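So the structure is just underneath, and the comments pick up after that.
Each ligand, and each atom within it, is numbered from 1 in the order the structure gives. All residue numbers in this chain count up from 1 along the given sequence. Keep in mind that what you see is a predicted model, and the values were worked out from it rather than measured.
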Amino acid sequence: MTQVDINPDRLADRLERLGRIGETPTGMRRMAFTPADVEGRAYVAGLMREAGLTVRTDTAGNVIGRVEGSVPGLPAIGIGSHADTVPNGGKYDGALGVMAAIECLQNLKDRSVATRHPIEVLNFTNEEGTSFHTWLFGSSAMAGALRSGDLTAVDVEGVSLGQRLRDVGGDAGRIHEARRERGEFSAYLELHIEQGPVLHGGGVAIGEVTAITGRAALSVCVKGSANHAGTTPMPNRRDALLAASHVVQAVNAIASQEEICRVGTVGIARVSPNAENVIPGVVDLTVDFRDVELDRIAEAQRRLREVCRGLASDRGVEVEVLEHGVTRPTPMNPGLRRVIRAAAEGLGLEVAAVPSGAGHDAQSMAEITDAGMIFVPSVGGVSHSPDEYTRPEDCANGARVLLRSLLAVDAERD
Ligand code: GLV
Ligand code: MN
Ligand code: MN
């Protein structure tokens, strides 16, 4: 076989360039549907074209670059990730998977290597679910796994997801057209930073992912009554923020003390009216519970609802708990795990089996095809932060393992 490799300098340079789109002094702000996201997508699409791919945007806003294979009728192999970020996020989460996928295809083109299968590079819409509670939006649409309410969601500015989708070339009215059937893909491979401390701490170059954690995304709305902070005696208050503080404590305790699920986080607290001299009337919180066992996530939810009922009666507030979606824990395909391990070992890289504590588009794709994930070390295990960093040599290692795995899957599968 013609010797193919990736170009580490070009990969590092392009990651850096993408990382300047939406960069602010407090980190990356290339959240889905923002002008920075639109600019990032245009950059990605341009690189896809340079790599010889035919580019289209599906009705879910996913940017898809495709090259045909040499054997007619074979299903495509998908590789990719997402280019949106969390607010004040880093330059590697998602971006590495997209840039490395394009890098692989650029090298195949440069060396005139044709694959047997068509290859599709996938840049998914709104993996992070910022603005709406619709994380994994693009990959869920592709897998036919959108949740009820996903399309009617409205962001804090009161703009519907349908409108936001139009801004990135999608079409909520024809969202079903983004759906791909089982059998259209032979496999899906995703390179991603680990976002946890295991690989970096152990000095291991490559993680082959065993399974992706499950997650429940919830919100809690606490309603008390807004009143004057100077004149309202303490016993007469129905302070929504005070009650909400008990929810925050409970979410932490459910994971850390009661050990019902692995982790629990309140990431957003919106206080209304949010004024210094007004007792908070309404507080909206988000709650994120994760575990590799679905039953434990369900038990954490049950316990949260129990705590909230208690708060409502003890503190005279109204508490409403809403579920915005539960994603099941997703094992990675055993055959692809072997391929990834062999690819890493063939390159002389140490490889360890690791679970994913973060969610990924691969878990949606696993609904319609075999999915596998490659992890590379995150320095200090830091992610969803401007301090997120993966060394260029680790990015290059990951891209090489992706390319080798892609070629092995292409050679092995029909
Ligand atoms: C996605 O990045 C997640 O929150 O796991
Ligand atoms: Mn990600
Ligand atoms: Mn992320």
Side-chain angles (χ1 to χ4, degrees), residues 15 18-19 22 27-32 34 36-37 40 44 62 79-101 122-140 188-197 199 207 209 211-219 251 255 261-268 286-292 297 324-330 332 354-366 371-378 381-390 395 398 402:
L15 259 175
L18 181 60
M28 295 303 304
R29 294 189 64 85
R30 201 171 55 238
M31 287 83 79
T34 58
D37 182 36
V44 165
N62 297 313
I79 54 174
S81 195
H82 61 99
D84 65 314
T85 72
V86 293
N88 302 343
K91 293 183 179 174
Y92 302 85
D93 174 1
L96 174 61
V98 175
M99 288 295 132
L122 304 166
N123 174 27
F124 289 111
T125 299
N126 200 17
E127 189 270 354
E128 300 288 5
T130 307
S131 301
F132 302 93
H133 298 281
T134 56
W135 77 317
L136 303 175
F137 178 82
S139 51
S140 297
Y188 173 74
L189 294 167
E190 182 168 346
L191 169 65
H192 205 283
I193 56 169
E194 184 201 347
Q195 306 180 273
L199 298 177
V209 178
I212 301 174
T213 193
R215 173 188 182 197
L218 310 159
S219 63
V251 167
C261 64
R262 191 174 57 82
V263 287
T265 308
V266 173
I268 297 179
T286 58
V287 177
D288 177 318
F289 285 129
R290 302 196 193 201
D291 202 279
V292 288
I297 296 174
H324 298 286
V326 176
T327 44
R328 274 179 283 136
T330 309
M332 295 291 93
V354 288
S356 173
H360 298 289
D361 293 306
Q363 72 197 79
S364 311
M365 291 303 282
M373 284 198 79
I374 303 156
F375 274 178
V376 287
S378 292
V382 178
S383 182
H384 282 185
S385 152
D387 296 331
E388 177 180 284
Y389 181 61
T390 293
C395 294
L402 178 66

How close do [X] and [Y] get, counting heavy atoms only, and between which atoms?
| X | Y | value |
| --- | --- | --- |
| L122 | M365 | CD1-CE, 4.1 Å |
| S378 | I193 | OG-CB, 3.6 Å |
| P87 | R29 | CB-NH1, 3.5 Å |

Between ligand 1 and the protein, which N/O pairs are shorter than 3.5 Å?
residue	atom	partner	partner atom	Å
ligand 1	2 (O)	E128	OE1	2.9
ligand 1	2 (O)	H384	NE2	3.2
ligand 1	4 (O)	R290	NH2	2.8
ligand 1	5 (O)	R290	NH1	2.6
ligand 1	5 (O)	R290	NH2	3.3
ligand 1	5 (O)	G359	N	2.7

Decide yes or no for M99 and V44: does some side-chain heavy atom of the first lie under 4.5 Å from some side-chain heavy atom of the second? yes

Taking side chain as C-beta onward, heavy atoms only, is Q363 less than 4.5 Å from R215? no

Donor-acceptor pair, distance only, cut-off 3.5 Å: does the side chain of T390 make one with the backbone of P377? yes

Will you find, in the side chains of D93 and H82, an N or O donor that is under 3.5 Å from an N or O acceptor? yes

Give me the protein N, O or S atoms that fall under 2.8 Å of the Mn ion (ligand 2), sorted by chain and residue number.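 You should have found H82 NE2, D93 OD1, H192 NE2.
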
Residues in ring-ring contact (aromatic ring centres under 6.0 Å, His included) contact with F137, at least two apart in sequence or another chain: none

Applying side chain to side chain contact (heavy atoms under 4.5 Å, CB included), can you list everything that pairs with S139, at least two apart in sequence or on another chain? F124, L136, D361, S364

